[in-house]
Amino acid sequence: MTGATNPFGRRAAWWIAGLCAVSFVFGLVAVIFAEDLGDGGAASAEANSFSRSALGHRAFVDLLRELDVPVVVSQHASAARARDGALLVLEPGDANDLDRDRDGLRDLVYADAHVLLALPKWRGVPDPNRPGHWIARAEPLPTSHPDGLLGEVGLDARVVRTSAARVRCDAPRYGATVELPFPQLLEDRADQLEPLITCDGGLLAGLTWDDDGRRLLVLADPDLLATHGLGLADNAVAAVALVDALRDGGPVVLDETLHGFIRRPSFWRQLAEFPLALATLHGLLLLAVGLWAGLRRFGPALPPPPAIAPGKGFLIANTADLIEVAGHSRASLQRYWVATRAEVARALHAPAGLDAPALRAWLASLSGGRHAERLAAAEAAVDAATASDAPAGRRHLLRAARLVHAWKEDVLDGYRDRL
């Protein structure tokens, strides 16, 4: 491999950094402002917790959450999640085939939880021009469908429908007045239900319980929970009061398996769905950048470094280490001093045969004493470092060698203060 170690050019690096920043900001904004987190992203116009249509119950879910009531929209194992004081809300669909509702309804009603059963009333016809959460019209279901559901839960009752455009019902225990258009009411033929909300012509909400203390509240008309009904009179107050009376401080679990919205937990599917899909995308982006960087690094193997580095620096350092290991540092300094003094004498054409005192005297006469003083300082440092009682360590030896070298350069090349 040759060239710079950076696998990207400057422009590519800026593009990658910008893409990562935009992706991070977009993901953060999407998580903050997303509306359907935790609800599976289902779109429907029917009477269920996902629907925002006139028949839908999404507005009721939002109302509970605004009141700090914990809500779980369940698409799997609803009975197991509705325990420890929780309330399980069942909203059977409008399927003509009652057998589909029977299969799951029986297990849910007799689960170890309090249950609110909202009987079906309408079939929504989706609006082809505005698909998703909109309906073109609502058609009443045959009364045989809610009557069959009542039989499944062991109640001797039937639904009755009034032709009045607006009916007011009393809910004195909740301090509310309920108002519904063309309501669907209950006729309790065996007096199995305790009246909670009564209207002219029947019961809107009634309560029963079994020997184990599990309570079942039957809501005859789901319009009380629907978008178009919540805003009438005190309907929202009564709906929230019914839920609070049954949940014992626990969460409200709204089952959506009866509507066909079944989604079993899957780690890999969660990684591909919002919001975890954002983290997956960032991970794939980092993997792609890593692979890109790796591809740029392919090529012939680098040759191993030479055993001996080029240049004389390695030889000098190795020689110094050998001298120190052998214990000849003081002798080497002394020889270096003698050789340097002889080199200076030859370069200045000093008289032959001058010893150190004579050479100092000659230099003093030559330069007015400046070189002689530095020569004396260097000689004193060498004598102190090479004395038999001198302290061990290379610091004193190096200082003396530097003084000798500085003196030589001062004499030969002019004064340069290197100390």
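These numbers come from a predicted model, not from an experiment.
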Next item on the list: Show the numbers, then the answer: is there a salt bridge (charged side-chain N to carboxylate O under 4.0 Å, His left out) between Arg173 and Glu194?
Entry: CA-CA 13 Å; Arg173 69 172 61 191; Glu194 174 189 348; 3.0 Å; yes
Checklist line | Exercise: identify the closest heavy-atom pair between Val160 and Gly201 | finding: CG2-O, 3.7 Å
Item checked: Atom pair NZ (Lys121) and CG (Leu180), whose distance is rounded to the nearest 0.5 Å -> 6.5 Å
Next item on the list: With side chain to side chain contact (heavy atoms under 4.5 Å, CB included) as the test, would you mind laying out the steps for Leu207 and Leu196 before giving the verdict?
Entry: CA-CA 7 Å; Leu207 181 67; Leu196 297 181; 3.9 Å; yes
Notebook entry, point to check: Got Trp122 and Leu141 here, is their nearest side-chain heavy-atom distance under 4.5 Å?
Noted result: no
Check: Looking at Leu88, Val71, Asn48, Leu90, which hits side-chain contact (heavy atoms from CB on, under 4.5 Å) with Leu254?
Finding: Val71
Note to self: Counting C-beta onward and ignoring hydrogens, is there a side-chain heavy-atom pair between Leu67 and Val240 closer than 4.5 Å?
What the structure shows: yes
Check: Distance from Asp244 atom CG to Tyr174 atom OH, nearest 0.5 Å?
Finding: 10.0 Å
Next item on the list: Apply salt bridge (charged side-chain N to carboxylate O under 4.0 Å, His left out) to the pair Arg189 and Glu187, showing each step before the final yes or no.
Entry: CA-CA 6 Å; Arg189 294 181 290 195; Glu187 180 185 344; 5.3 Å; no
Notebook entry, point to check: Heavy-atom distance under 4.5 Å between the side chains of Arg214 and Val115, does that happen here?
Noted result: no
Checklist line | Distance-minimising heavy-atom pair for Trp337 and Ala378 | finding: CZ3-CB, 4.5 Å
Notebook entry, point to check: In terms of side-chain heavy atoms, does Gln192 have a donor or acceptor partner in Thr208 at a distance below 3.5 Å?
Noted result: no
Next item on the list: State, with a plain yes or no, whether a side-chain heavy atom of Thr227 is found less than 4.5 Å away from one of Arg52.
Entry: no
Item checked: Crowding at CG, Asp200 (>12 non-hydrogen neighbours, <6.0 Å) -> no
Item checked: Flag, side chain of Asp188 to backbone of Leu193, donor-acceptor distance under 3.5 Å -> yes
Next item on the list: Would you indicate whether the side-chain heavy atoms of Leu203 and Leu185 approach each other to under 4.5 Å?
Entry: no
Next item on the list: Apply side chain to side chain contact (heavy atoms under 4.5 Å, CB included) to the pair Val218 and Val153, showing each step before the final yes or no.
Entry: CA-CA 10 Å; Val218 180; Val153 299; 5.5 Å; no
Note to self: Working to the nearest 0.5 angstrom, can you tell me the gap between Leu242 CG and Leu224 CG?
What the structure shows: 6.5 Å
Checklist line | Close side-chain approach of Leu87 to Leu116, heavy-atom, < 4.5 Å | finding: yes
Next item on the list: To the nearest 0.5 angstrom, please state how far the CG atom of Asp170 sits from the OG1 atom of Thr177.
Entry: 6.0 Å
Notebook entry, point to check: Is the closest side-chain heavy-atom distance between Val252 and Val69 below 4.5 Å?
Noted result: yes
Next item on the list: Might you point out which heavy atoms bring Gln184 and Leu204 nearest each other, and give the distance in Å?
Entry: O-CD1, 4.3 Å
Next item on the list: Determine whether more than 12 heavy atoms belonging to other residues, nucleotides or ligands lie under 6.0 Å from atom CD of Glu66.
Entry: no
Check: Looking only at heavy atoms, what is the nearest atom pair of Pro120 and His145, with distance?
Finding: CG-CD2, 3.3 Å
Notebook entry, point to check: Distance from Asn235 atom CG to Asp221 atom CG, nearest 0.5 Å?
Noted result: 9.5 Å
Note to self: With heavy-atom distances below 4.5 Å as the criterion, would you say the side chains of Asp255 and Val89 are in contact?
What the structure shows: no
Check: Do Asp147 side-chain atoms and Val159 backbone N/O form a donor-acceptor pair below 3.5 Å?
Finding: yes
Check: Can a salt bridge be assigned to the pair Arg341 and Glu343 using a cut-off of 4.0 Å between side-chain N and carboxylate O?
Finding: no
Margin query: Ignoring hydrogens, what is the shortest heavy-atom contact between Gly124 and Ile135? Give both atom names and the distance.
Written below: CA-CG2, 4.3 Å
Notebook entry, point to check: Taking all atoms of both residues into account, what is the closest heavy-atom pair of Phe60 and Ala239, and its distance?
Noted result: CE1-CB, 3.7 Å
Margin query: Is there a side chain to side chain contact (heavy atoms under 4.5 Å, CB included) between Leu216 and Leu117? Walk through the geometry before answering.
Written below: CA-CA 7 Å; Leu216 171 64; Leu117 173 63; 4.1 Å; yes
Next item on the list: Any chance you could lay out the side chain to side chain contact (heavy atoms under 4.5 Å, CB included) test for Leu246 and Arg215, step after step, and finish with the verdict?
Entry: CA-CA 8 Å; Leu246 288 179; Arg215 289 174 288 177; 4.0 Å; yes
Check: Are any side-chain N or O atoms of Glu179 and backbone N or O atoms of Arg166, one a donor and one an acceptor, separated by less than 3.5 Å?
Finding: no
Margin query: Rounded to the nearest 0.5 Å, what separates atom CG in Leu55 from atom CG in Asp223?
Written below: 7.5 Å
